[in-house]
Amino acid sequence: MQDRLRQLPKVQAVLESELAIQLIQSFGYDDVANAVRSKIQLARDSLLEGQTEPKTDATHHALLSEIHEELRDQRAPSLRPAINATGIIIHTNLGRARLAPEAVDAMRAVAENYSNLELDLQTGKRGSRHQHVEALICQLTGAEAAIVVNNCAAAILSCLTALGAGKPVVASRGEMVEIGGSFRMPDVIAQSGAILREVGTTNKTHLSDYANATCSDTALLLKSHTSNYKVVGFTSTPSRTDLASLARDKGTILVEDLGSGVLIDLSEHGLPNEPVVRDVLDAGVDIVTFSGDKLLGGPQAGLIAGRREHIERIKAHPITRAVRIDKLSLAALAATLELYRTPNNPLNRVPVLQSLAEPAERVCGRAKGLSDALRKDRAIGATVVPSVARAGGGSLPLQDLPSYAVCVTHSSHSPDAIASHLRSASTPVLGRIKNDQFLLDMRSVQDSEIETLAESVIAALRT
Ligand SMILES: *Cc1c(COP(=O)(O)O)cnc(C)c1O
């Protein structure tokens with residue numbers, strides 16, 4: 001035993017080896033020395049515990065290459081790119097919308113340089129960061145005025161606080177939505193200081209319910225897009241137009257939270273029907289709120305658009321300053337909105353819309369390419385199967401998008417094990433399990449990712 005303990009390498013000797021010196025150059029002396037010390041201690045402990053084989057291979061080289069791998073993993077950024085093969089295009093856990101190259105370039109330019117973020121270049125005086133997108137949003141939606149904040153939750157909070165604090169806000173019981181990340185409409189209303197007057201029932205709310213609850217000091221009527229669920233059957237809710245004229249008659253305003261508002265009519269392209277911001281405003285809604293990184297396909301942001309007098313009140317309220325948009329998102333948003341301007345066709349330019357609109361045959365072609373690449377590994381089985389993708393992000397909740405997936409099997413891994421190995425790949429790959437099959441859906445993947453995807457899967461399943 002004493003002999004074997006004596007055979008363990010000395011910390012100092014290991015640290016003086018050539019490989020260690022290289023490691024110290026990349027990771028610093030302290031981290032390497034600590035790792036060497038703890039590895040050798042581990043080997044000593046396992047010898048003393050009477051295990052004949054030390055837990056750690058304590059030769060210099062093996063020990064240091066193990067340390068190299070561990071330090072590299074430790075230093076790798078926690079937040080990193082992943083491949084979304086879930087078939088859910090707007091996946092909140094995977095960062096929602098991929099940005100268009102134009103948006104990425106705009107972010108980079110503003111990140112690397114000073115900018116006229118809050119400077120009016122004509123007068124040389126202080127400007128507003130909103131000036132960079134307001135006109136564009138107005139042009140694309142027909143709104144009189146607009147402002148952008150950190151996200152849609154912040155947009156709703158700003159609206160309710162600025163327009164409704166201390167006053168009654170009337171909203172339908174059927175629209176008390178909860179969306180991901182513990183955003184619950186009744187809680188947000190309470191947080192804003194407005195007083196919720198819930199009307200109607202879960203399945204039916206009539207115009208008269210709103211009318212009876214609205215009095216002279218009602219701050220606003222709030223309509224919410226029930227974007228992540230649908231009540232079907234014996235249901236009813238008044239039309240926007242009727243609600244808008246009720247609001248006008250009662251001398252109050254109508255605010256609608258669209259969640260994932262769209263700027264163009266997707267149903268014209270065989271895609272599901274989400275309310276178009278322009279139509280909602282045309283119907284008489286005074287203020288709408290919607291997300292930047294859902295179907296709009298831009299960065300995280302919350303857009304507020306509508307009547308000037310209300311937008312001005314929201315702009316001036318301190319809460320709006322507290323949830324203001326940052327310059328990088330603002331740059332990306334402006335560039336994304338630009339892609340909606342004629343003669344651009346956003347369906348060819350905005351990645352989220354490209355993924356939604358891509359013909360199923362092309363998705364199928366990508367699935368074939370991937371399955372061919374995967375089958376080069378004899379242990380992997382890969383077949384192309386039809387599947388159903390979704391827009392996600394709380395938008396278009398029930399709408400199926402025809403898609404194709406690669407069903408991956410492995411000679412020694414279960415579907416769950418495959419999923420877990422792929423999550424820990426150097427470029428994590430996220431698929432889904434359906435009917436005990438592991439699927440990589442190709443509608444949410446790009447052609448340019450296929451090579452990395454195939455390599456990641458093959459390497460991850462070899463372990
Ligand atoms: C997604 C959503 C929100 C929140 O949007 P964020 O940009 O994530 O803050 C609010 N309301 C509805 C109806 C939504 O679908």
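In listed order, ligands and their atoms are each counted from 1.
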Sub-4.0 Å atoms of ligand 1 with respect to non-hydrogen atoms of [X]:
| X | value |
| --- | --- |
| Ala153 | 4 (C), 5 (O), 6 (P), 9 (O) |
| Arg96 | 6 (P), 7 (O), 8 (O) |
| His225 | 13 (C) |
| Ile156 | 10 (C) |
| Lys294 | 1 (C), 2 (C), 3 (C), 5 (O), 14 (C), 15 (O) |
| Ser291 | 5 (O), 6 (P), 7 (O) |

Pair [X] + [Y]: basic N to acidic O under 4.0 Å:
| X | Y | result |
| --- | --- | --- |
| Arg324 | Glu118 | yes |
| Glu274 | Lys294 | no |
| Asp377 | Arg462 | yes |
| Arg75 | Asp31 | yes |

*For residues Asp257 and Ser224, is any side-chain donor paired with an opposing acceptor at under 3.5 Å?*
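No donor-acceptor contact under 3.5 Å links the two side chains.
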
- Item | Side-chain donor-acceptor pair present, Gln300, Arg96, cut-off under 3.5 Å |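 No, Arg96 and Gln300 have no side-chain donor paired with an acceptor closer than 3.5 Å.
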
Residue portion contacting ligand 1 (non-hydrogen atoms closer than 4.0 Å) for [X]:
| X | result |
| --- | --- |
| Gln300 | neither |
| Glu256 | neither |
| Val177 | neither |

key: Any N or O of Cys152 closer than 3.5 Å to N or O of ligand 1   =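 Yes, at least one N or O pair falls under 3.5 Å.
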
Query raised in the report: Is there a side-chain contact between Leu160 and Leu220 (heavy atoms, below 4.5 Å)?
Result: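 Yes - at least one pair of side-chain heavy atoms lies under 4.5 Å apart.
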
**Asked** Nearest heavy atom to atom 3 (C) of ligand 1: which of Ile179, Ile90, Leu296, Thr92 does it belong to?
**Response**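 Going through Ile179, Ile90, Leu296, Thr92 one by one, Ile179 has the nearest heavy atom to atom 3 (C) of ligand 1.
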
- Heavy-atom neighbours of Arg72 CZ exceed 12 at 6.0 Å: yes

